[in-house]
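Read the numbers this way: they start at 1 and go in the same order the structure lists the ligands and their atoms.
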Amino acid sequence: MELNKRQETILQIVKDNGPITGEQIADRLNLTRATLRPDLAILTMAGYLDARPRVGYFYTGKTGTQLLTENLKKIYVKDYQSIPVVVNENVSVYDAIVTMFLEDVGTLFVVDANSYLVGVLSRKDLLRASIGKQELSTLPVNIIMTRMPNITTCEKDDPLIGVAKDLIHKQIDSVPVVRKTDNGDLEVTGRITKTNVTKAFVALADEY
Ligand code: ADP
């Protein structure tokens, strides 16, 4: 995060004199407490300063990289997930291809009659089936999909960085966000793709 000149000055004053009250910092800068409030809020929110009631502000001693890492770990799946596109396991490969085009996604999640996750279909899974000799309009997707228990999933409260690592290490484009039922079945509630991770990355860069 880029600090402006006044924020740098405030940081230095707190480093040298902390704990110090907002009033005392304002006096040193010949400014009013109200003028300083936004800068103090930014420095506190970004983690450079901490504030204790009746004591004042003090310097946390954390570097920009430490703060960036801490903030990265505070980005969760639920903050960036998209709506999942699901198909029933009995639909044909042909219909799955049409759904993929109409919904403009690169991965479909496959569910059973109870709407529980049973598989994943990627673009290449569908292409591979298409170059075979099978009749696509009668071939059900459950014959060609990647199936449970080999599906990598995540939950809405997981840190996004862990999902990003899964996308890289497992060489996949998308991970379903699931909710586990009491019976251990998985309901699909969202999806995280490389695009969602890229959006989080850009938002973090804008913040800093
Ligand atoms: P593509 O095959 O179009 O390059 P992916 O890289 O996402 O797309 O998929 C590679 C393979 O991994 C496919 O066979 C797909 O079924 C499977 N796959 C995709 N997502 C997952 C996942 N979340 N868990 C397990 N396997 C997956």
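- When the shell of 6.0 Å around CZ of F58 is examined, it contains more than 12 heavy atoms from other residues, nucleotides or ligands.
- Atoms of ligand 1 lying under 4.0 Å from any heavy atom of I151, numbered from 1 in the order shown and given with element: 24 (N), 25 (C).
- At a threshold of 4.5 Å between non-hydrogen side-chain atoms, the residues P140 and V91 do not count as touching.
- S137 and E135 share a donor-acceptor pair across their side chains, judged by distance under 3.5 Å alone.
- Under 4.0 angstrom from ligand 1, the non-hydrogen atoms of Q171 all belong to its backbone.
- Counting non-hydrogen atoms of other residues, nucleotides and ligands closer than 6.0 Å to CG of L102 gives a total above 12.
- In this structure, atom 12 (O) of ligand 1 lies nearest to the protein heavy atom I172 CG2, 3.6 Å.
- A donor-acceptor contact closer than 3.5 angstrom links the side chains of N196 and S82.
- Compare T107, T146, L108, I192 by their heavy atoms: the one nearest to atom 17 (C) of ligand 1 is in T146.
- In this structure, atom 7 (O) of ligand 1 lies nearest to the protein heavy atom D173 N, 2.9 Å.
- The closest protein non-hydrogen atom to atom 24 (N) of ligand 1 is T152 N, 2.9 Å.
- Closest heavy-atom approach to atom 2 (O) of ligand 1 among the candidates P176, S122, G119: S122.
- Not close to ligand 1: G106, with no non-hydrogen atom less than 4.0 angstrom away.
- The environment of R33 atom CZ is dense: over 12 non-hydrogen atoms of other residues, nucleotides or ligands sit within 6.0 angstrom.
- Backbone and side-chain nitrogen or oxygen atoms of K124 are examined, and one is located within less than 3.5 angstrom of a nitrogen or oxygen of ligand 1.
- For K165, the NZ atom sits in a loose shell: 12 or fewer heavy atoms of surrounding residues, nucleotides or ligands are nearer than 6.0 Å.
- Atom 16 (O) of ligand 1 has its closest protein heavy atom at D125 OD2, 2.4 Å.
- In terms of protein heavy-atom proximity, atom 25 (C) of ligand 1 is nearest to N150 O, 3.2 Å.
- With a 4.0 Å cut-off on non-hydrogen atoms, L121 does not touch ligand 1 at all.
- Side-chain atoms of I13 and I10, non-hydrogen and from C-beta on, never get closer than 4.5 Å to each other.
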